[in-house]
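Chain naming here is simple, since letters A, B, ... match the order of the sequence lines and numbering starts at 1 in each. Hydrogens, waters and symmetry mates play no part in the numbers below; they use all other heavy atoms, side chains included.
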Amino acid sequence: MAYENRDRVKIGLEIHVQLNRLKTKIFCGCTTNYHGDPPNTHVCPVCLGLPGALPVVNRRAVEYAIRVGLALNCGINEHTQFYRKNYYYPDLPRGFQITQYDYPIAQQGHVTIEGEDGEHMVRINRAHMEEDPGRLVHEGTIDRSKYTLVDYNRSGIPLLEIVTEPDLRSPKEARRFLDKLRNILEYLGVSDLDLEGSVRVDANVSIMDGNRTEVKNISSYKGAEKALLYEIVRQKNLIRRGKTVTQETRHFDEAREITVSIRTKEEAHDYRYFPEPDLVPLRVRDWVAKVKEELPELPDARKERFMTEYGVKAEHAKTLTGQLKLAQKKQ
Amino acid sequence: MITREDVRRVGWLSRIELEDSELDEYSRKMGLVLEYFGVLDEVGGDVDPTYHVLEIDNVFRDDVAGEMLSQGDALLNAREKRDGYFKSARIV
Amino acid sequence: MSIDRVRELVDSVGIEEVLHRCSERIEENKLNTFITTDFEGALTRARKRDGNGGGRLQGVPVGVKDNISTRGIQTTCGSRILTGYVPPYDACVVERLKAEGAVIIGKTNMDEFAMGTSTETSYYGSVRNPWGRERVPGGSSGGSSAAVAGGEVPIALGSDTGGSVRCPASFCGVVGLKPTYGGVSRYGLISYANSLEQIGPIATSVGDVALLFDAIGGYDRRDSTSAEHEFDTSSALDSDVGVEGMRIGVPDEYFGEGTSGAVRDSVWNAIHTFEDLGATYEIVSMPHTRYALAAYYVIAMSEASSNLARFDGLRYGYRVEEGDWHTSFSRTRREGFGEEVKRRILLGTYALSAGYHDKYYLKALKVRTLVKRDFETAFKSCDLLLAPTMPYPAFKLGEKIDDPLSLYLSDVNTVPINLAGVPAISLPCGFEDDLPIGLQLIGNFFCEPTILRAAHCFEQSTDFHKRKPGDV
Ligand SMILES: [Zn+2]
C-alpha cells in the first residue's frame, strides 16, 4: 500500500560528519584525537589562522570523501577544488571557512531505505569536504552569557557535508536514513560516530507545499526525530490557525525538545565565495577506480549475501548487517 | 556610483565600523576607483578566468602528525584568555 | 655594501662590531627604515652559530620586511592591528636565511599590509629616501630598500604583490627581484593578495640579489602553490656567457603618457648598451596592458578583503572591548586599520559581493588571462622584455597620498608582471635630478637566470650602481 503523506511533509537533511578516523586535520598536521584533552592543545599556526600560515590538503581526507561518495552512489567530480566561504564567528579563525562550492567532490547519488511503504529511494544532492570550526563555550546560555570561550582543538577537523534532496516524508524516514548512513560510514571505516560532536544535522522542513524552515543544531541521531516531530506539529498548528509558515532558521533546543526562531544580527548572508587561492585544484580521475576497488562490502550487499549464502531471512539479515560488529561476528 | 547605503552595507559585511559623517568621503573616493575599474567593461570576448598562473594540481600532505603548539604558545598573543581558552566578547 | 665585503668585515672585526656599525648607521640615517630592531637577539643567535658556519650568508646582517613571520620577533605588517604580535613560528624564507648563517637584525618598515607605493601608509610613520629626505622610498618594501641603499644592511627581503620590491628598488637605486610565482615559498608571508605575491631579495648588486634568491628560493611542501623547480643561477653571473644574441623585446605600452623624459632617455640608453653588448631588440606590443592595472587592483582588493578578515582581536593583535562580539570586532578594525587598508577591504568586499562578483572579480580574472597571453606571445620571439620600472623617479612625501587613484597609477608598469606570474628585476639605469631611475627586465616563467645574467652584464658595463646616495 502506497504511503499517503497526507500533510505532504518534505524533509531534506544536511549532515555534517567528522572524518575522525583520520589521524590529522584536513589542512594541517594537528592530531584529531582531541577529545578529553585541554583546550587549544591540538593546534598549530594553520588551524589557529595565524597570519602567514598556509593550508595543505590531507590526501587521505580526499580518499575518505571519495569512499563515502561512492558508497552513496554518487558521481565523483574529476575536477574538484576548495573555496572560501566568508563569514565571521569567533570559532572561525580565518574569518572564512575553507569548503567546497562549485565542483564538490561528489554529486547526484542515492540511498535506499526502509520507508513508510517499503523500499524508498532518497536522492543525494551532493557531498563536499570542508573544515570544522572550533568550539565555543558559553557561560550559561548563549543569550545570557557575558563572554564566550573559544577552543580551536576542533578547528580543521575534516568534515564531509552530505546534502539530501527533500525526499524524506516523515521523521521516521529521516531517522531511518540517518541510521542507514551511520551504518555505511561505519562500514567504510571513515568515522567513529560515537565520539561527541561527530555528527551534526540541519533539516529543511515544509508541509503542504508551504514555506520551509531550516532547523539547526541537531547534534544527535536521536535528536533528529524529536526535532522534526516538533517542527512538523508546529507548522501544522500554524496552518490550522490560518497562519503561514515563515521561511526562517530555527534552533533545536535539545533540553526542551523544541525549535526556536533565531534572529541573527547578520541579516542577509553574503558569503562571497571564491576559489581558495592558497590551494590548487584536485584532479581525482585516476584515484576513483582504485578507491572503488578497495571499497569494503557495504551493508546492502552484505545483507544480500547473508540471505543467499547463509539462507538468513531478510529481517534477520537486516538486524545482523545493521550493526557492524554483529555483521563481523557472523563472518 | 557607490551610494552611502552601499558603503554602509559593505562596511557591515567587512566588519569595519564607519561613522555616518565618513560615508560621503568613502563613497566619493571609492566611487573614483570603481569608475576607473569601469575600463574592464571595454574588454570583450569570453575567455576562461585565470585563478592560478601555474598549472599545479593535486598537492597533498600525508596523514601524518606534525608539530603542534603548546597551549602557552597558542595563547601567547591573545589579549584575553581564561583557563586555556581564548576569551571573546559575548556573541549576542 | 656587498655581501663579500661584510663577510670580510665579520672575519676581521667580528660579528659584534659589524652589528654595532649597522645599528649606528640606522641611528645616524634616521630614515625610519625599521619598525623593530633586535640587535641583542641577533648577537645571541649569531654567537650560537659561531664556529659551525658554512653558510653562504654567515654573519651577514639582513633586514626582513615586517610582513614576514619571524619567531620571537614582533611582526606588525606596518599595522596598528598587529602591534605586539610575536609569531610562534618562522616563515620558510626566514628558516632558510638562518640556515645560511644570515643574522636577522630587525623588521623593516612598509606600507600597511603592503598596500601602497610609497611606504606612507605605515602606522609606524613614513620612511625617507636616502637620495632625498623629502622623497618617498617607494613601496611597499620601502624600509627594506632604503635600508640597503642607506648602507644599514647589505641585503634585505621584501615582498612584491604589484611592484612592491621593484618600485622601492627603483626609487632607492638598488637591485630588487620579483621571482616567478611559486618560486619562493609564501609560508609565513602575511597575505595581502595570495595569487599575485612573492617574497623577493633586495641588495646593492645583481650578484648579491642572485645569491639571496638562491638562498631563499625553491620548493616548499608547506606552500601548495610552490613550484617543484630547481633554479640554477650559478651560470647566470658567469661573465663569459654574456648577452650575445639575446633577443630583447621593448613593449611600447610601458612608455605611457606619464613617463618622464629622463626615464625614457635612460631606458633607451640601456637598450643601446645591450645592443653594444651584442643583444638585439624589437618593439613588441602588449595590447592588454591598459586593462592590467584595473584587473590587478580588483583581484588584489578582493583577495585582501578575505585575507584580512582574520584580524578580529581575539587570538592576536589590537583589540577593542565594546559590547557584543560583532561590535568589538567592527570597532577593533575601525581603530586597527588605516584609511587605505579600510578602503581596499571595502572595495574588495564590494567586488566579491552578490551582484558584483561577475562584473568585477570574475571579469578581472578573465582580463588576467589576456594579460598573461600578451606575455606568452611576446616570449615567443623574445628572451626577455625591457621597460622602465616606474614612470618617474621618487615623488615627494605627501604628494600623492590623498589621491589613491593617482598613487595606483604609479604601478602601471609593475602590476602586469604579477598578473602573469613571471619574474622581473629592477636595477639602476640613470638619474633625474640626482634621483635614481630603475630599469626593469622581465623574463618568462622560471627564467630568473636569464634576467639575472642580462642585469649582471648591464651592471658590469655601467656605473649607475656605484653612485651613493647623498642624503645619508
Ligand atoms: Zn593545526
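Residues A:His79 and A:Gln81 bring a donor and an acceptor atom of their side chains to less than 3.5 Å of each other.
Classification of the A:Tyr273-A:Tyr271 ring pair by plane angle, with boundaries at 30° and 60°, yields perpendicular. Note on ring orientation: taking the six-membered ring where Trp is involved, the planes of C:His326 and A:Tyr89 are tilted (angle from 30° to 60°). The aromatic rings of C:Tyr360 and C:Tyr350 sit tilted relative to each other, their planes meeting at an angle between 30° and 60°.
In terms of modelled atom types and a separation under 3.5 Å, the side chain of C:Ser144 and the main chain of C:Ser141 share no donor-acceptor contact.
The residues C:Glu340 and C:Arg344 are annotated as salt-bridged, a charged nitrogen and a carboxylate oxygen being separated by less than 4.0 angstrom. In this structure, A:Arg200 pairs ionically with A:Asp132, as a charged nitrogen and a carboxylate oxygen lie closer than 4.0 Å. Using a 4.0 Å cut-off between charged side-chain N and carboxylate O, A:Glu131 and A:Arg94 make a salt bridge. Salt-bridge annotation for C:Asp66 and C:Lys107: present, with a side-chain N of the basic residue lying under 4.0 Å from a carboxylate O of the acidic one. C:Arg319 has a carboxylate O that lies under 4.0 Å from a charged side-chain N of C:Glu321, or vice versa, which qualifies the two as a salt bridge.
Among C:Tyr85, C:Tyr361, C:Tyr316, C:Phe329, the residue making the largest number of heavy-atom pairs under 4.5 Å with chain A is C:Tyr316. Of the listed residues (C:Gly317, C:Pro88, C:Ala309, C:Ala351), the greatest number of heavy-atom pairs within a distance under 4.5 Å of chain A belongs to C:Ala309. Among the candidates C:Ile68, C:Leu308, C:Leu82, C:Leu314, the residue making the largest number of heavy-atom pairs closer than 4.5 Å to chain A is C:Leu314. Each of C:Ser306, C:Pro87, C:Ser191 has some count of heavy-atom pairs under 4.5 Å with chain A, and the biggest count is that of C:Ser306.
For C:Asp312, no part sits under 4.5 Å from any heavy atom of chain A, backbone or side chain. Heavy-atom distances place the side chain of A:Pro45, and not its backbone, under 4.5 Å from chain C. Interface residue C:Arg222: only backbone heavy atoms are found under 4.5 Å from chain A. Only the backbone of C:Leu189 comes within contact range of chain A, with heavy atoms under 4.5 Å apart. Looking at C:Asn67, neither its backbone nor its side chain comes within 4.5 Å of chain A, counting heavy atoms on both sides. Of the atoms belonging to C:Tyr356, not a single heavy atom falls under 4.5 Å from chain A. Looking at C:Ser69, only its side chain comes within 4.5 Å of chain A, counting heavy atoms on both sides. For chain A, the nearby parts of C:Thr349 are the backbone and the side chain; heavy atoms of each come within less than 4.5 Å. Both the backbone and the side chain of C:Arg186 have a heavy atom closer than 4.5 Å to some heavy atom of chain A. In this structure, no portion of A:Tyr147 lies under 4.5 Å from any heavy atom of chain C. Residue C:Tyr89 touches chain A through its side chain alone, counting heavy-atom pairs closer than 4.5 Å. For chain A, the nearby parts of C:Ala354 are the backbone and the side chain; heavy atoms of each come within less than 4.5 Å.
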### Query
A:Glu161 and A:Arg126: side chain to side chain contact (heavy atoms under 4.5 Å, CB included), yes or no, with the steps?
CA-CA 8 Å; A:Glu161 179 174 337; A:Arg126 60 191 267 149; over 6 Å; no
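Between A:Phe82 and A:Phe27, the distance separating the two ring centers is shorter than 6.0 angstrom. Ring centroid separation for the pair C:Phe113 and C:Phe311 comes in under the 6.0 Å cut-off.
For the side-chain hydrogen bond (donor to acceptor under 3.5 Å, both in side chains) with A:His42, the qualifying choice from A:Thr32, A:Thr24, A:Thr31 is A:Thr31, the only one to do so.
Residues of residues 46-66 of chain A that come closer than 4.5 Å to chain C, counting heavy atoms only, are A:Val46, A:Leu48, A:Gly49, A:Leu50, A:Pro51, A:Gly52, A:Ala53, A:Leu54, A:Pro55, A:Val56, ordered by residue number.
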